[in-house]
2 protein chains.
Amino acid sequence: MQKEHNLSKNQKIIFDLIDKSRGPMKAYSILFNVQKKGIKAPLQVYRALDKLVEIGKIHKIESRNAFIACQNSSCQVSKATAFSICESCENVSEISNSKLSKYLSNFSDSSGMKYSKYNLEFFGLCKKCKSK
Amino acid sequence: MQKEHNLSKNQKIIFDLIDKSRGPMKAYSILFNVQKKGIKAPLQVYRALDKLVEIGKIHKIESRNAFIACQNSSCQVSKATAFSICESCENVSEISNSKLSKYLSNFSDSSGMKYSKYNLEFFGLCKKCKSK
DNA sequence: CTTATAAATGTTATATTATTACATACTGTT
DNA sequence: AACAGTATGTAATAATATAACATTTATAAG
């Protein structure tokens, strides 16, 4: 059972934008898009992004410095994320595969260190781009 | 069998620095450290880093914007990387676990997309930090 | 050996991504 | 109403990365 988060005004504006976007969005592109709504400064964007990431509504695609809405209906896996990234069209989608997430969540290496979080990014060509 | 790469002057200077460093190094910290050797501009650093990443001598830790020397003796896995990151002391080590790498290299999701590369970052507390 | 080509370098300027610092306002308790 | 925690507004600046262009060095083919 997840906690219901009431998003603040800026958080909602920014989440809605990212959620409606087709792909990952970059912070300054978000800024540009929400200026008409009164959000004027980078920090306002980054603060909302930080919070949204923290509560699992969005994820950061680290290799792209971009943000995408959580595609797992319940956003339960904000600490265990996996993405598929097309290196040609830059399409990104979140992978939800219970075998994979179980495997990685239980993974422990020779050092005996136990992990509380992971992020996995797969790269390749999506079907469309492969057939070009 | 891997190709033997003869590093250029700048590449060698920068690789040696990263290789001797205890942890991941950031680009501008590298720049600062090699200025005495005549490398004066960010671009000189980034170009060497790009090449070193491309040939697998170093890896980028995406979540930290930092670079670490490949710890797999033969650098065969530059396209299939996994790291363990301590969120307290920021110690990073490369994970070489053949089961994990096999599992991930063969992974394919419901979209049928086949991946040519992946990068995995695990987060947690290392032994030292946990016991504090 | 020389010519062609690719790779690497040097340099300046600038673009992009992200944070510090400080003041103020809102929200939900007790 | 008073408090604590969270969110906002604003300006300045730090940190990360790339564009554009000129030149030089290394490599391989004839």
Side-chain angles (χ1 to χ4, degrees), chain A residues 2-18 21 23-68 85 87 90 92 119 121, chain B residues 2-18 21 23-68 85 87 90 92 119 121:
Chain A
Q2 55 181 333
K3 193 181 167 205
E4 187 53 50
H5 286 279
N6 295 316
L7 301 184
S8 72
K9 180 173 135 272
N10 289 359
Q11 287 160 15
K12 188 159 186 352
I13 291 170
I14 287 171
F15 175 71
D16 286 346
L17 177 66
I18 296 172
S21 148
M25 293 195 75
K26 304 197 138 215
Y28 277 72
S29 152
I30 292 168
L31 175 57
F32 179 79
N33 276 276
V34 296
Q35 275 175 334
K36 61 193 101 170
K37 303 215 172 177
I39 294 176
K40 295 176 195 159
L43 189 48
Q44 295 176 291
V45 172
Y46 280 106
R47 282 196 286 223
L49 290 174
D50 284 351
K51 188 66 186 188
L52 291 167
V53 166
E54 184 192 324
I55 65 181
K57 298 284 287 180
I58 65 173
H59 305 300
K60 183 171 188 180
I61 309 301
E62 294 286 356
S63 65
R64 299 299 187 258
N65 296 319
F67 300 85
I68 192 173
I85 303 172
E87 289 185 297
E90 292 294 327
V92 173
N119 178 55
E121 297 181 2
Chain B
Q2 55 180 333
K3 194 180 168 207
E4 187 52 50
H5 286 277
N6 295 315
L7 301 184
S8 72
K9 181 173 133 272
N10 289 359
Q11 288 159 16
K12 189 160 187 349
I13 291 170
I14 286 170
F15 174 72
D16 286 347
L17 177 66
I18 296 172
S21 149
M25 292 196 76
K26 303 197 140 219
Y28 277 72
S29 152
I30 292 167
L31 175 59
F32 179 79
N33 276 277
V34 296
Q35 276 176 335
K36 63 194 97 170
K37 303 214 172 177
I39 294 175
K40 295 175 194 160
L43 191 48
Q44 295 175 291
V45 172
Y46 281 105
R47 282 198 286 224
L49 290 174
D50 283 351
K51 187 68 186 184
L52 292 167
V53 165
E54 184 193 322
I55 64 180
K57 298 284 287 182
I58 64 173
H59 306 300
K60 181 171 187 180
I61 308 301
E62 294 287 356
S63 65
R64 301 297 188 259
N65 296 319
F67 300 85
I68 192 173
I85 303 172
E87 290 186 296
E90 293 294 328
V92 172
N119 179 54
E121 297 181 3

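Keep in mind that the numbers below use all heavy atoms, side chains included, and drop hydrogens, waters and symmetry copies. Computed from a predicted model, the values in this text were never measured in an experiment. By convention in this document, chain letters (A, B, ...) are assigned in the order of the sequence lines, proteins followed by strands, and residues within each chain are numbered from 1.
Considering only the side chain of B/Pro42, D/dT18 comes nearest among D/dT18, D/dT10, C/dT9. When distances are taken from the side chain of B/Lys9 to each of C/dT9, D/dG9, C/dA18, the shortest belongs to C/dT9. In this structure, the nucleotide among C/dA21, C/dG10, C/dA18 sitting nearest to the side chain of A/Arg47 is C/dA21. Picking from D/dA20, C/dA18, D/dT10 the nucleotide with the shortest atom distance to the side chain of B/Leu43 gives D/dA20. Relative to the side chain of B/Lys26, the nucleotides D/dT18, C/dA18, D/dT16 differ in distance, and D/dT16 lies closest.
Using a 4.0 Å cut-off, some side-chain N or O of A/Asn65 falls inside it from OP1 or OP2 of C/dA18. The side chain of B/Asn10 contributes an N or O atom lying less than 4.0 Å from OP1 or OP2 of C/dG10. A/Ser8 has a side-chain polar atom (N or O) that falls below the 4.0 Å cut-off from OP1 or OP2 of D/dT8. When the side-chain nitrogen and oxygen atoms of B/Gln44 are compared with OP1 and OP2 of C/dT11, none of them lie within a distance under 4.0 Å.
Nucleotide C/dT17 holds its P atom 11 Å from the NZ atom of B/Lys60, rounded to whole Å. At whole-Å resolution of the value, NZ in B/Lys51 and C1' in C/dT9 are 14 Å apart. Atom CD1 in B/Ile39 sits about 14 Å away from atom P in C/dA8, given to the nearest Å. A/Tyr46 places its OH atom 16 Å from the P atom of D/dA14, with the value rounded to the nearest Å. Across the protein-nucleic acid pair, A/Arg64 atom CZ and C/dT17 atom P stand 13 Å apart, rounded to whole Å. One can place NZ of A/Lys12 at 16 Å from P of D/dA7, the figure rounded to the nearest angstrom. Per the geometry, CG belonging to A/Leu49 stands 10 Å off P belonging to C/dT19, to the nearest Å. The interatomic distance linking B/Leu7 (CG) with C/dT9 (C1') rounds to 15 Å, in whole Å.
Take the nearest nucleotide of DNA chain C for B/Ala41 and for B/Gln11: the residue whose nucleotide is more 5' is B/Gln11.
At distances below 3.5 Å, at least one donor-acceptor pair connects side-chain atoms of B/Glu121 with backbone N or O atoms of B/Glu62.
Counting atom types as modelled, B/Tyr28 pairs no side-chain N or O with a base atom of D/dA14 as donor and acceptor under 3.5 Å.
Counting heavy atoms from C-beta on, the side chains of A/Val34 and A/Asn10 never come closer than 4.5 Å. Side-chain atoms of B/Leu49 and B/Ile30, non-hydrogen and from C-beta on, do get closer than 4.5 Å to each other.
Scanning all heavy atoms of the two residues, the minimum distance from B/Leu31 to B/Ile39 falls at CD1-O, 3.7 Å.
Checked against side chain to side chain contact (heavy atoms under 4.5 Å, CB included), B/Leu43 has the following partners two or more places apart in sequence or in another chain: B/Arg47.
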